[in-house]
S.K.: 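Pasting in a structure now, in structure tokens, and then I'll have a few things to ask.
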Amino acid sequence: MLTAEQTNRWLERFAEKIEANKDYLSELDGIIGDGDHGNNMARGIEEMRKKLQAADPANGSEVLKNASVALLSKIGGAAGPLYGTALLEMSKQMTEADDLSAVVKAGLDGVQKRGKAEEGEKTMVDVFAPVYRELEAGNLTVEAVEDAVEATRELKATKGRASYLGERSIGELDPGAVSIGYLFISLIEEGLTDV
Amino acid sequence: MLTAEQTNRWLERFAEKIEANKDYLSELDGIIGDGDHGNNMARGIEEMRKKLQAADPANGSEVLKNASVALLSKIGGAAGPLYGTALLEMSKQMTEADDLSAVVKAGLDGVQKRGKAEEGEKTMVDVFAPVYRELEAGNLTVEAVEDAVEATRELKATKGRASYLGERSIGELDPGAVSIGYLFISLIEEGLTDV
Amino acid sequence: MKKIINEPSNVVDEMLDGFVYANGDRVKRIEDTTVIAQKDIQPNKVTLVSGGGSGHEPAHAGFVGKGMLQAAVSGEVFTSPTPDQVFEGIKAADAGEGVFLIIKNYTGDVMNFDMAKELAEAEGINVDYVIVDDDIAVEDSTHTAGKRGVAGTVFVHKILGAAADRGYSLHELKQLAVRLVLNVKSVGVAMTAATVPEVGKPGFTLADDEMEYGVGIHSEPGYKRTAIKSAEKIAAELTAQLKKAFDFQPGQEYALLINGLGATPLMEQYILANDVKKQLSNEAIAIPYKKVGNWMTSLDMNGVSLTMLKLEDDWVELLNHPVSVTDW
Amino acid sequence: MKKIINEPSNVVDEMLDGFVYANGDRVKRIEDTTVIAQKDIQPNKVTLVSGGGSGHEPAHAGFVGKGMLQAAVSGEVFTSPTPDQVFEGIKAADAGEGVFLIIKNYTGDVMNFDMAKELAEAEGINVDYVIVDDDIAVEDSTHTAGKRGVAGTVFVHKILGAAADRGYSLHELKQLAVRLVLNVKSVGVAMTAATVPEVGKPGFTLADDEMEYGVGIHSEPGYKRTAIKSAEKIAAELTAQLKKAFDFQPGQEYALLINGLGATPLMEQYILANDVKKQLSNEAIAIPYKKVGNWMTSLDMNGVSLTMLKLEDDWVELLNHPVSVTDW
Ligand SMILES: Nc1ncnc2c1ncn2[C@@H]1O[C@H](COP(=O)(O)OP(=O)(O)O)[C@@H](O)[C@H]1O
Ligand SMILES: Nc1ncnc2c1ncn2[C@@H]1O[C@H](COP(=O)(O)OP(=O)(O)O)[C@@H](O)[C@H]1O
Ligand SMILES: [Mg+2]
Ligand SMILES: [Mg+2]
Ligand SMILES: [Mg+2]
Ligand SMILES: [Mg+2]
């Protein structure tokens, strides 16, 4: 299991990326959605930082649980329940096994149970799922995450997003895919995929 | 007294001028007022034409009275009661004397009683009053009417029109002065000032 | 011009028919007129008639019904109705105890309503009236001698309507009306001008970063043009103007109306309400009655006005008196 | 961006405070939440909670009061509120007989309300819900699986509120709600997109001579972009869509809601009402209930939507059931 310190580092790096890219995420969402994803995430991140700084967690699972509650209570919209669920399920799984790919799988399952999206529908699932597969195969890299994010560009939004102007969505990245990408890139950059 | 035929010719020429200048009058009103004077007058004129065509008046006084009722019932705003009153008072005066300047004076008095404006406040009174004086002096010309209209340009709207943006009104003609100018120019052009 | 209309010259007629279609259980249109009248007017009470140019919806037809107006007369857009139309309104409202006219202070309105009053009196109907001039922004503005009549008129409708419903005589209504008008003041701000359908372009132009304090509900000039300010600063300016005009004294009670001018969302009106709250909480006055929304609009003008009414006697009660109208 | 606001990130908080300032006799804000709740909720009745992203005012706080909603939960602008906030709303509304949630069909709203329901049930509160998906414009649009929830939600609030006030059980409300949702359909048109304060520019762009049919209340894409049409043509298109979706049959009765999207003046809404009247008079259906105004807005969007509800049983009576809310 990740230690509290490791998990804090992971989420802090994630937080920095979200904050640095807040406007970018909202811009992406502005093209194919309603333009609030960056603001939603930034609101959640601010609360998460506060909660994590105030807490004295025993292990990584507790850190994830605290983060989950913070994100759930501040992001709102679709991303809030999805991030909240992802982190909560990962937290739960972490208490049971040390296998990081099983942890990520639990998060992915949670997201899919909550949001009912399959792969290919241009959502964060299109990053979550390949990340899990690469992890399991033992070769998750930053490039692999970035490729998965980039691949959402060519997908046509369907579940939850298609329309007669569906073509609006083709050629643009999915904002939730980009933000969840940051989560996994942070994990790699902190060197936590091999612990 | 003007005959019915003469008065009809007078008002028909007036009607033509209003219709031809409907947009111009509204544009003038748009600069210093609310932009409806041309539309207001045109609505009244349409009704006046209808009424005058349907009527079988015995004399000019009756024509003016019918016109007055039509204008009053369709122009609305400030111009409606003023035109309605002007024509009604002129109609009344016409039954009493043949003197055209006395007729115009009656109209002017009616307008001032109704609207409480003095000369110099940038209203139709600034055309009505000089027209009366010229008529009385026996030398009313189209040029004299046009000069009176033109002179409203330099007046600053006061009664009913001044404001901190009062300078908006300087340099522009008063729309009601222009329209009442057409009334008197029509009178001259129909050769009715010497009858 | 992005408007949902047909012929620009037909907007008033079609609007009135649409209004009756939607609210036909409560109101009717007097045939061949622009009068919207209450159905089933109670007998033996003084009745109220108001109106003016169109473009201020829900004023005035939206206030027709038991407890408020018995008839509303609509002119063309931003143009006073003609005397014959107002006269039709008076006849439609008359229930035998006299008719009271509520007139906004514009040269055209005053003259046309006055002539209608003469017509009605000639037919034996008792008529009295009040002229509302609540806009403290400017004296002697375009179209007006003295101050203009704006959103404060709505409080006058409401209170006089309640008083009439309670059986006030024509004379008592007049006395109350005069006191109301002395005690009601408004001031507004515009971000954009209104576009009259037949004109097709805004009544004046404000740059993208400009707004103007004191603009009238027909786009008449205001008293100060400035860069766009925050809601907080706008609330500070508007309440300062009202404070100066009223000379707030400790213990006084006021009613407050925040009025959207047509294109300003309710969200912004409530944000402004919050800033007005902060401003007024610095004063030793009480605000036992408050109302927020679009009441006296100016077509698609983006802006708001603030109205305060210094309360006397039982005026709060009259404000709270139940009504059965479309918009209150 | 011409808006009367302060910090764009603060609009919801300030709006809610302003709302309570203006309507504090009827509602309160639950401290440290975005919940507006009715004061003095009657005991022993099922209570109603709705909400969603802000920017749709008067929905939803304007409908809080006896006979309609007991609590409204506001998210950030166009962003569903979080589960803890909805949970606070449920607790504030709960009067012991269960709480019924009215949810508009957006992925975010459905997930957040669903999680709140779980939280409430874990604390022993009985919760049931309905998901309103009245917008027939498009299937599977941005933010939504299936059809979106728009202005028809207002009819659902009104009728369920009346039914709850009359003592319906949670189970009976659910049954009624399901039937309502099957019978309510809406479709709209936008002349301009809304500008979210934190974004600072319109959600999409329409040329000066363009409009778009079927745009959602968060600026989601519609089904047809076209040159600006007359009110008559717009009424024909919107009623044709509804006719097709309902398959009008002789003798049917419908309620009609004409809903302004925020920046469209009432005048235009009534002009459209007049054209809708002409369209519907060609059908052998009756419209015993009609309502026109801004009920489910999209900030400063210029546009309107049309909602029809096929009436069954005593639904007209429930629509006419008296309420004590800020905006009805
Ligand atoms: N059903 C779903 N399953 C998985 N992810 C989803 C789903 N719906 C939306 N998302 C993700 O959420 C992102 C949008 O989040 P956000 O903009 O914050 O919320 P909202 O869509 O409510 O405005 C999308 O880019 C997408 O990645
Ligand atoms: N008190 C007044 N006395 C005389 N003329 C007046 C007065 N007020 C306005 N007018 C005239 O009426 C004209 C405006 O008419 P119009 O635009 O039709 O009505 P409104 O001002 O109600 O929009 C002005 O240009 C002016 O000449
Ligand atoms: Mg979004
Ligand atoms: Mg004018
Ligand atoms: Mg006018
Ligand atoms: Mg959103």
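So you know, we letter chains A, B, ... as the sequences are listed, proteins then strands, and number each from 1.
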S.K.: Name the member of A:P81, A:A79, A:G38, A:A78 that forms the most heavy-atom pairs with chain D at distances under 4.5 Å.
M.R.: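 The option with the most such pairs is A:P81.
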S.K.: With D:T79, which of A:N39, A:D36, A:I75 fulfils side chain to side chain contact (heavy atoms under 4.5 Å, CB included)?
M.R.: A:D36
S.K.: Using a cut-off of under 4.5 Å on heavy-atom pairs, state which of D:D84, D:V199, D:D114, D:D109 scores highest against chain A.
M.R.: D:D84
S.K.: For the pair D:N112 (side chain) and A:G77 (backbone), establish whether a donor and an acceptor sit closer than 3.5 Å, ignoring hydrogens and angles.
M.R.: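 The answer is yes, because a donor-acceptor pair under 3.5 Å joins these two groups.
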S.K.: Got a sec: does the CG of D:D208 have more than 12 other heavy atoms crowding it under 6.0 Å?
M.R.: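 No, the 6.0 Å shell around CG holds no more than 12 heavy atoms from other groups.
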S.K.: Are there over 12 heavy-atom neighbours, none belonging to D:K243, within less than 6.0 Å of that residue's NZ?
M.R.: no
S.K.: Atom CD1 of D:I217 and atom CG of A:D34: how far apart are they, to the nearest 0.5 Å?
M.R.: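 Going from CD1 on D:I217 over to CG on A:D34, the span is 11.5 Å.
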S.K.: With rounding to the nearest 0.5 angstrom, report the CD to NZ distance, A:E27 to D:K201.
M.R.: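 Rounded to the nearest 0.5 Å, the CD-NZ separation comes out at 6.0 Å.
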S.K.: Relative to chain D, which of A:G76, A:G84, A:S26 shows the most heavy atom pairs under 4.5 Å?
M.R.: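 Top count of heavy-atom pairs under 4.5 Å with chain D: A:G76.
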S.K.: List the atom of D:T82, the atom of A:K74, and the distance in Å for their closest heavy-atom pair.
M.R.: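 That closest heavy-atom pairing would be CG2-N, 3.8 Å.
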S.K.: Side chain from CB out, backbone as N, CA, C, O: work out which of these in A:S73 comes under 4.5 Å of a heavy atom of chain D, or both, or neither.
M.R.: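 Contact with chain D is through both the backbone and side chain of A:S73.
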S.K.: Hey, is CD on A:E47 packed in by over 12 heavy atoms from elsewhere, all under 6.0 Å?
M.R.: yes
S.K.: Using a 6.0 Å cut-off, check whether atom NZ of D:K91 has over 12 heavy atoms from anything other than its own residue.
M.R.: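 Atom NZ in D:K91 is crowded, with more than 12 foreign heavy atoms closer than 6.0 Å.
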S.K.: When rounded to the nearest 0.5 angstrom, what distance separates CE in D:M111 from OG1 in A:T85?
M.R.: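 So the gap between those two atoms works out to 8.0 Å.
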S.K.: Check this for me: D:D32, atom CG, are more than 12 non-hydrogen atoms of other residues, nucleotides or ligands nearer than 6.0 Å?
M.R.: no
